[in-house]
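See below for the structure under consideration.
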There are 2 protein chains.
Amino acid sequence: MKKPDKALSDTAIQILDVAERMARQGGYNAFSFRDIAREIGIKSASIHYHFPTKEDLGEALVERYTNRFLDALGAADDAEPIEMLSRYVSIYRAALIEQQLMCLCGMFGAEIAKLPAPVSERTRAFFERNLEWLDTVFKAAGVQDPRKRSGEVIARLEGAMILARAMNDMDLFQRVTGDLPAESLRS
Amino acid sequence: MKKPDKALSDTAIQILDVAERMARQGGYNAFSFRDIAREIGIKSASIHYHFPTKEDLGEALVERYTNRFLDALGAADDAEPIEMLSRYVSIYRAALIEQQLMCLCGMFGAEIAKLPAPVSERTRAFFERNLEWLDTVFKAAGVQDPRKRSGEVIARLEGAMILARAMNDMDLFQRVTGDLPAESLRS
DNA sequence: GATTCCCTATCTACTGATAGGTAGATATAT
DNA sequence: ATATATCTACCTATCAGTAGATAGGGAATC
């Protein structure tokens, strides 16, 4: 029997979906209550019922994104390190290629100096938990300085998303990250 | 005898300086004519005299940033590849550590889907010229698939800036990019 | 030498649009 | 009756952008 902390209403989910897409296209200042409301066919005042302030909405956005991300990753010891790293890369690739969107936390990470504190803290937590997950994988693989490797992996993936989108060349993401799993396990 | 295309007035330079800092902190929507004007002690209407629209200001921002960046890089064959790559990394490091700012084009690259076309085009041109510069270095070093290596270098540096800022841990940038010059020249 | 004209650069005052946010009425369903 | 969810109507602040007045400095003309 599942017992979610708070069950989100359909409307709340719609709001999050639309806001997430807008945020992942243009950043924290690129989604507005009015735009979201217009797209899902309600009034902007109604959004405040579900998310009292924009800060709250931003927090909920990062929270859901982080949970989904970690869910998709699964346990860091589910399989061999090389396979776990391939899975890690494929999640970024899917976001870029299939959704045609930037990573939400990559976007917010770039803007972090101007985000409301609760949002920036959750963004930091996203990266912290990703680093920990990767650390576990690299430790299992017996590499030196796992934290360094973990940072390299995240940096290359976030940077590759930006570069591929800026160059409007999604193949570039594949070229830049294709060998990442094997390379990052080299001693 | 130097003959600059257009000499920028002191005020125009001040506007660009303030706008660049704001943009590199929070993105394209994080600088406003009013904020810039307030900081340099003029009225926002006066900014329109120097830069008619925000789009024009954004373009000028990326243009100046790109020119300065390429100037700092110098010719790609100035020295040995390993030295040129070290120089490349050090320019990013200086921006992050000394200025405490994100790369302007890394920021705009993330937001590229929502930028005015002239700004996004110039942002793309920044990366194109950076890739070309790195290609030249890697070709001189005789590595295979220079474009792939160039993409990896840019991706790792832009991503490392985001990660270090998000984690509020500037040493992380150093750890993630410290070996980059030597590593990227390995066959 | 004084006057006229023009260019640069700024100002005041304004516009219409949009931002996030609030109060309170209303409808629906349990 | 109460809780949920939405609405209308409004607020203040800010956004980019415009029109037109003003001031100062040359340079050319008288």
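Chain A is the first sequence line, chain B the second, and so forth, proteins listed ahead of strands; every chain is numbered from 1.
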If the threshold is 4.0 Å, N to carboxylate O, is there a salt bridge linking A/Arg38 and A/Asp35? yes
Reckon A/Phe31 touches a base, only the sugar-phosphate, or nothing at all at heavy-atom distances under 4.0 Å? sugar-phosphate
May I ask you to say what A/Asp35 touches in the nucleic acid, namely base, sugar-phosphate or nothing, with a heavy-atom cut-off under 4.0 Å? sugar-phosphate
Would you indicate, yes or no, if D/dA16 has its OP1 or OP2 atom less than 4.0 angstrom from a side-chain nitrogen or oxygen of B/Lys54? yes
Kindly point out which of D/dA16, C/dT22, C/dA9 is positioned nearest to the side chain of B/Phe33? D/dA16
Taking 4.0 Å as the cut-off, does a side-chain nitrogen or oxygen of B/His50 come that near to OP1 or OP2 on C/dT10? yes
Short side-chain N/O contact from B/Thr11 to OP1 or OP2 of C/dT10, under 4.0 Å: yes
Checking D/dT14, C/dT18, D/dC7 against the side chain of A/Arg34 (C-beta onward), the nearest is C/dT18
Take A/Trp133 and A/Tyr88 through the test side chain to side chain contact (heavy atoms under 4.5 Å, CB included) and record every step on the way to the result. CA-CA 10 Å; A/Trp133 189 93; A/Tyr88 193 79; 3.8 Å; yes
OP1 or OP2 of D/dC7 under 4.0 Å from side-chain N/O of A/Ser46: yes
Given C/dA19, is OP1 or OP2 found less than 4.0 Å from the side-chain N or O atoms of A/Ser32? yes
Report the distance from atom CZ of B/Arg38 to atom P of D/dT14, rounded to the nearest whole Å. 7 Å
Within this structure, what is the CZ-to-C1' distance between A/Phe51 and C/dA19, rounded to whole angstrom? 19 Å
For a quick test of reading the model: is some side-chain N or O of B/Ser44 closer than 4.0 Å to OP1 or OP2 of D/dC15? no
Check this for me: B/Arg87, atom CZ, are more than 12 non-hydrogen atoms of other residues, nucleotides or ligands nearer than 6.0 Å? yes
Hey, does the side chain of B/Arg24 reach the backbone of B/Met102 with a donor-acceptor pair shorter than 3.5 angstrom? yes
With a sphere of 6.0 Å drawn around CD of A/Glu80, does it hold more than 12 non-hydrogen atoms of other residues, nucleotides or ligands? no
Note: for A/His48 and B/Ala45 on DNA chain C, the residue whose nearest nucleotide lies more 5' is B/Ala45
Base, sugar-phosphate alone, or nothing: which one does A/Tyr49 contact when heavy atoms must sit under 4.0 Å apart? base
